[in-house]
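Below is one structure; the comments refer to it alone.
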Amino acid sequence: MGRASNLRALAASAVALSLFIGAKADIDPVTGRAIGGDVGPRNFAEYCAGELSADRKEKFYAERDKAERAIAAGNPGDAEAAMYEALGAVYRGGSEESDVPVKCLGQPTARRWLAMRLDLYRLQTQQASNERARAPQLFTAADRGGSAAVVSLVSDQRAGDFRSSLRALEGFIERVTNEREYGAFILAEEDAIATAFRDANGPLLQFANQQHRDALNAEDQAFHRAPTEQEFAAAGSVGSAEMLAKAVAGVELDTAMEREAILTGIRVGESQQFLGDARDWNLDQYSDVSALPSSQRARQRGDTMLAKANDTTQGLEVRDNYYEDAEWYYEFGEFDDLARTAKLQRAAIQPALQAERERREEQMEQAAADMEKKAEAVQQAVDDMQKTEAEKKSFNEEADALEAELGF
């Protein structure tokens, strides 16, 4: 497929993303101003003034009919491409997300166009299981089930998809409002969809706010909760292994602190996950990310972890882990100065930590060598014992033979 065909396919696929589509133009029919700054049509009547040529109208109707046949045959891609060509034929300028050019052909044509688009959306919803089906699902839900269906559909989505859907709803409401103010007629079907979206918007915002609060509450519980029996057992097994290493190899370890660091790390991981969820569900606009509730909570957690890391009674490995956690929290909240401080303090203990790791490694290597020598000595003793037993047996057998020969 050539570059031109690729561009056409991309443009055609955009049909499924907005109820209003059109080609990009010099004049915006909503504002009445050209992109270059010249004054354009001031209202819908001026925008539609002047007859299109017969060949352009003929192409529009031909491509529209082709799109309808493609939908009936279950071919959404062909339908999108035909709709793109049809819009290009009647395009008079304006927003790339507008059906105003089609409306210039009259209400019956615009109504048929809208019905065709909704049929296309229903087809796409049936055939697609990925994100390309989300926008069609919004409109078909509003068209068939009203605001309740829209709320049910969107509230079942993940946070990122929820945001995208909410933007699509708000964008459509705004476009209908702008077209009405521009003087264009609004079809009853369009108005019903816009009303469903408008009615769904409030409950969806409330839902997102509740999800945001729930995530922050879950984070607080996760960070402060007591370890479970399973977590204690897992941390204890690690401690037992370390104690064995210490007993065998003489490696110095603080198993109690190591176990506590493991248990803290589990809770920190859950805390960080819930903070991410809270951030995703927060739809409020903040010019400063550090002012977000999730960021403020992250700063509290970062301060806690930094205090633990600065406790010199802790082992260096434990402190290193705590510094890493503090860095994450500060960076998540975009407290750059605090993150830099934690990073520098962590860097300051690295030479001593590295020396400690090397010393432990040497101790373990020496212990392994000693164990190997002991194993060899034990094996030699076993071999010598077996050899002695074999010689003793041979001697006894020879003595028995001699006695038999002599008649003893």
Side-chain angles (χ1 to χ4, degrees), residues 11 14-61 63-64 67-68 82-121 135-136 138-140 142-143 146-147 150 166-202:
V15 176
L17 301 179
S18 169
L19 197 60
F20 292 131
I21 70 168
K24 194 163 185 174
D26 299 331
I27 300 171
D28 187 338
V30 174
T31 64
R33 295 184 177 277
I35 293 175
D38 297 332
V39 177
R42 292 170 297 180
N43 52 49
F44 179 66
E46 287 189 9
Y47 178 82
C48 296
E51 281 292 320
L52 292 174
S53 62
D55 59 332
R56 291 179 65 181
K57 284 186 177 181
E58 182 180 351
K59 181 176 181 180
F60 170 81
Y61 291 121
E63 293 295 338
R64 182 200 62 185
E68 289 177 335
M83 291 176 73
Y84 175 73
E85 294 294 336
L87 279 165
V90 297
Y91 177 65
R92 296 169 181 254
S95 171
E96 62 182 4
E97 295 183 340
S98 173
D99 269 346
V100 170
V102 177
K103 290 186 176 183
C104 289
L105 300 177
Q107 290 198 28
T109 299
R111 182 168 288 106
R112 183 171 173 179
W113 180 265
L114 176 60
M116 178 180 64
R117 192 191 303 285
L118 291 174
D119 286 341
L120 172 62
Y121 285 170
L138 292 175
F139 294 103
T140 55
D143 180 48
S147 61
V150 175
L166 209 60
R167 283 195 295 268
L169 302 186
E170 293 168 347
F172 180 75
I173 294 169
E174 183 179 2
R175 286 195 291 275
V176 170
T177 300
N178 289 340
E179 287 203 7
R180 180 178 280 113
E181 292 176 353
Y182 189 59
F185 60 83
I186 304 299
L187 296 171
E189 296 86 348
E190 284 181 288
D191 200 37
I193 292 173
T195 298
F197 284 171
R198 192 178 295 107
D199 291 345
N201 196 53

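The chain is numbered in sequence order, starting from 1.
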Can you give me the closest heavy-atom contact between A196 and G146, atom names plus distance?
CB-C, 3.8 Å
Shortest non-hydrogen pair, A200 vs V150, comes out as CB-CG1, 3.8 Å
Under 3.5 Å donor-acceptor, E46 side chain and R42 backbone:
yes
Does CD belonging to E170 count more than 12 external heavy atoms closer than 6.0 Å?
yes
Go through the structure and list residues passing side chain to side chain contact (heavy atoms under 4.5 Å, CB included) with E181, not counting sequence neighbours.
T177, N178
Any residue meeting side chain to side chain contact (heavy atoms under 4.5 Å, CB included) with E189, in chain and number order, not counting sequence neighbours
R111, L114, L187
Nearest-0.5 Å distance, CD of residue E179 to CD of residue E190
6.5 Å
Who passes side chain to side chain contact (heavy atoms under 4.5 Å, CB included) against L52, sequence neighbours left out?
R56, K57, V90, R92, L105
What closest approach, in Å, do D199 and S147 show between heavy atoms, and which atom pair accounts for it?
CB-CB, 3.7 Å
Gap between atom CG of D191 and atom CZ of R198 - 0.5 Å precision
7.0 Å
What's the verdict on side chain to side chain contact (heavy atoms under 4.5 Å, CB included) for W113 and M83, showing C-alpha distance, side-chain angles and the deciding distance?
CA-CA 9 Å; W113 180 265; M83 291 176 73; 3.8 Å; yes
Sub-3.5 Å donor-acceptor pair from the side chain of Y121 to the main-chain atoms of L138, do we have one?
no
Checking F60 against T109 for the side chain to side chain contact (heavy atoms under 4.5 Å, CB included) test, could you report, in this order, the C-alpha distance in whole Å, the side-chain angles of both residues, the deciding distance, and whether it holds?
CA-CA 11 Å; F60 170 81; T109 299; 3.8 Å; yes
How far apart are the closest heavy atoms of A194 and F172, and which atoms are they?
N-CE2, 3.6 Å
Quick one: pull up CZ in R175 and CZ in R180 and give me the separation to the nearest 0.5 Å.
14.0 Å
Look up atom CG in L120 and atom OG1 in T140, then write down how far apart they are to the nearest 0.5 Å.
11.0 Å
What are the two closest non-hydrogen atoms of R64 and M116, and how far apart are they?
O-SD, 3.6 Å
For Y47 and P101, work out which heavy atoms get closest and say how close.
OH-CG, 3.3 Å
Checking K103 against I186 for the side chain to side chain contact (heavy atoms under 4.5 Å, CB included) test, could you report, in this order, the C-alpha distance in whole Å, the side-chain angles of both residues, the deciding distance, and whether it holds?
CA-CA 9 Å; K103 290 186 176 183; I186 304 299; 3.8 Å; yes
Could you give the distance from CG (D119) to CG (D143), rounded to the nearest 0.5 Å?
9.0 Å
